[in-house]
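In what follows, a structure is listed as structure tokens, so that the remarks can point back to it.
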Amino acid sequence: MSNMQYDYIIKYIIIGDSGVGKLSNSVEFGARFVNVEDKRIKLQIWDTAGQESFRSITRNYYRGAVGALLVYDITRRETFEHLLMWLEDARQHSTSKTTYMLIGNKCDLEGKRAVSYEEGEAFARQRGLFFMETSAKTSANVEEAFVNIAHDIHEKI
Ligand code: GDP
């Protein structure tokens, strides 16, 4: 089977404030394949392409999303403070089966950290989300986050 062929496409979306690294993460995660038994599944990551600044993310964006990556920037506290708003908006627009993964991005910038690991973890734990800190720049933990996504897909197929 060639690399381009697949049996299913699974849609994941990325949400969060502008500049947190959504585009960078979608490049890291996008166009990957997951094998489940004899099926080959293409992971398709949608990102908001800048629309987040207009708060105009449509229902169409959320429709059919198996999972959502909720991204903040560990060096910009306000991006963490806006998470609840993003989560509420996403939950309003998607089904109860959507899996949410909280991603604290830019963990390579330790010296500029404005949100502790524990705060991110507590936010996620209280709301039953997966949690990871990643760096799209150094690829730190990107593989681990992808493994979590693959597990989620395994459970749902
Ligand atoms: P978006 O607006 O959420 O899609 O964010 P982008 O993916 O466009 O990233 C915004 C800026 O942050 C860009 O200059 C990226 O190069 C930079 N960036 C993204 N991820 C990381 C990261 O993990 N570490 C560092 N240091 N910079 C990052």
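One-based numbering, in listed order, for ligands and for the atoms of each.
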Would you mind running through ligand 1 and noting each atom that sits below 4.0 Å from a heavy atom of [X]?
X	value
Leu109	26 (N)
Val20	3 (O), 5 (O)
Ser24	6 (P), 7 (O), 9 (O), 15 (C), 19 (C), 20 (N)
Lys137	22 (C), 23 (O), 24 (N), 25 (C), 26 (N)
Asp17	3 (O)

Next on the checklist: For atom 23 (O) of ligand 1, tell me which residue out of Ser18, Ser139, Ala136 has the closest non-hydrogen atom.
Outcome noted: Ala136
Could you check whether [Y] and [X], counting side-chain N and O atoms only, form a donor-acceptor pair closer than 3.5 Å?
X	Y	value
Gln44	Trp46	yes
Asp108	Ser135	yes
Thr79	Asp17	no

Next on the checklist: Once you restrict to heavy atoms under 4.0 Å, what part of Asn105 touches ligand 1? Side chain, backbone, both or neither.
Outcome noted: side chain
Checklist entry - Which one holds for Asp108 and ligand 1: side chain close, backbone close, both close, or neither close, with close meaning a heavy atom under 4.0 Å? => result side chain
Next on the checklist: Give me each pair satisfying ring pair (Phe, Tyr, Trp, His ring centres under 6.0 Å) with a member in residues 128-149, each pair once, sequence neighbours excluded.
Outcome noted: Tyr117-Phe131
Next on the checklist: Quick one: does any side-chain atom of Gln92 pair with a main-chain N or O of Asp89 as donor and acceptor, under 3.5 Å?
Outcome noted: no
Next on the checklist: Would you call the rings of Tyr6 and Phe33 parallel, tilted or perpendicular, taking 30° and 60° as the class edges?
Outcome noted: tilted
Checklist entry - With side chains defined as the heavy atoms from C-beta onward, is the minimum distance between Leu102 and Leu83 less than 4.5 Å? => result yes
Item to check | N/O separation below 3.5 Å, Cys107 to ligand 1 | outcome: no
